[in-house]
Amino acid sequence: MLNKKENPLWNLLFNIVIPVIILNKGHTFFPNNGPLYALLIALAFPFIYGLKDYFTNQHINKISILGLVGIALTGGLALFQFEGHVFAIKEAVIPLIIAVFIIGSVFYRKPVMSLFILNPSLFKKDLILSRLKSSQKEEDFKKLLNFTTFCLGGSFVLSAIMNFFVALWVFKDISHLDSDMKSQILNEQVADMQWLGYVLIALPLSLIMAGILWFLIKRLKKMTGLGLNEILSSDIS
């Protein structure tokens with residue numbers, strides 16, 4: 001079966017935008033147990049989209065998983081009426097765990113960036129390694145991979161810090177409200193956190209990651225004496 005090229009706009013729409021809107025306003029359509037129904041419907045979008053993508057293209061859609069986990073965690077906490085500081089900790093813990101994994105990969109001598117740059121489906125691994133060996137740049141290349149991996153891990157530490165403070169700002173104290181109103185406001189806060197997280201955190205993080213990758217490729221070209229088209233795999237060049 002031939003893979004269909006994925007449309008990133010549809011991907012974001014069904015996995016992030018629509019679920020956030022449902023979490024924000026969906027409860028208004030259900031007089032009873034509105035927050036619960038809103039959460040279940042919001043979860044259905046990334047779940048169904050990810051399932052369809054898997055059976056159509058035979059790959060796991062990471063945006064669907066991200067949307068599903070994020071909505072389940074934040075919506076679930078809202079459903080059980082946990083308040084601000086719990087959300088703030090949750091928003092910080094996930095990127096912090098990722099940061100620990102990325103930085104830890106350097107100490108295990110398998111830096112995360114090597115999984116990308118030495119991926120045969122993306123770059124000409126054998127040619128790159130051959131040129132590095134002939135120019136005696138292998139040790140410099142290892143240092144480059146370690147440095148860029150540390151930078152990548154640091155970007156997730158920054159994300160954790162930003163997530164924490166944005167969550168503290170979004171999730172206001174609502175302990176004085178009755179149960180129904182508390183559930184409604186929590187769902188709205190969850191939705192606000194979702195879209196603010198992507199605008200204020202995910203987008204800048206993506207730009208930082210692109211900068212790290214640009215720096216890595218620029219240095220690699222200098223070390224090998226090869227151009228971009230020469231190091232890219234024939235599948236994408």
Side-chain angles (χ1 to χ4, degrees), residues 4 6-57 59-98 156 159-160 162-175 177-206:
K4 294 181 179 179
E6 190 175 20
N7 187 322
L9 293 178
W10 285 115
N11 205 348
L12 289 174
L13 183 66
F14 282 95
N15 290 310
I16 305 299
V17 177
I18 293 177
V20 164
I21 293 173
I22 291 172
L23 276 179
N24 195 5
K25 297 299 180 184
H27 61 271
T28 60
F29 297 101
F30 306 100
N32 299 312
N33 296 317
L36 173 60
Y37 292 133
L39 173 60
L40 292 175
I41 295 171
L43 287 171
F45 277 86
F47 178 76
I48 293 172
Y49 188 92
L51 208 60
K52 179 198 77 68
D53 197 30
Y54 177 78
F55 284 110
T56 302
N57 297 322
H59 78 92
I60 296 174
N61 189 311
K62 295 180 179 61
I63 301 297
S64 293
I65 294 176
L66 179 64
L68 197 62
V69 172
I71 292 164
L73 284 173
T74 50
L77 289 174
L79 186 64
F80 289 102
Q81 299 184 356
F82 288 101
E83 295 181 18
H85 65 282
V86 177
F87 284 93
I89 293 171
K90 190 276 300 181
E91 293 294 332
V93 164
I94 293 176
L96 199 58
I97 291 173
I98 296 173
F156 278 92
S159 174
M162 292 175 66
N163 267 311
F164 180 78
F165 285 107
V166 170
L168 282 182
W169 178 62
V170 168
F171 293 100
K172 306 296 184 183
D173 179 29
I174 55 173
S175 58
L177 301 175
D178 62 56
S179 180
D180 290 338
M181 184 59 68
K182 186 183 291 187
S183 295
Q184 176 182 330
I185 298 300
L186 273 174
N187 259 20
E188 292 175 357
Q189 290 177 342
V190 166
D192 289 339
M193 184 65 210
Q194 289 286 320
W195 74 262
L196 279 171
Y198 283 98
V199 173
L200 299 179
I201 300 167
L203 182 58
L205 184 62
S206 299

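Of all heavy-atom pairs between Leu96 and Ala160, the closest is N-CB, 4.0 Å.
The closest side-chain heavy-atom distance from Ile48 to Phe14 is not below 4.5 Å.
Under the side-chain contact (heavy atoms from CB on, under 4.5 Å) criterion, Leu203 pairs with no residue, sequence neighbours left out.
For the side-chain contact (heavy atoms from CB on, under 4.5 Å) with Val166, the lone residue among Leu168, Val170, Asn163 that qualifies is Val170.
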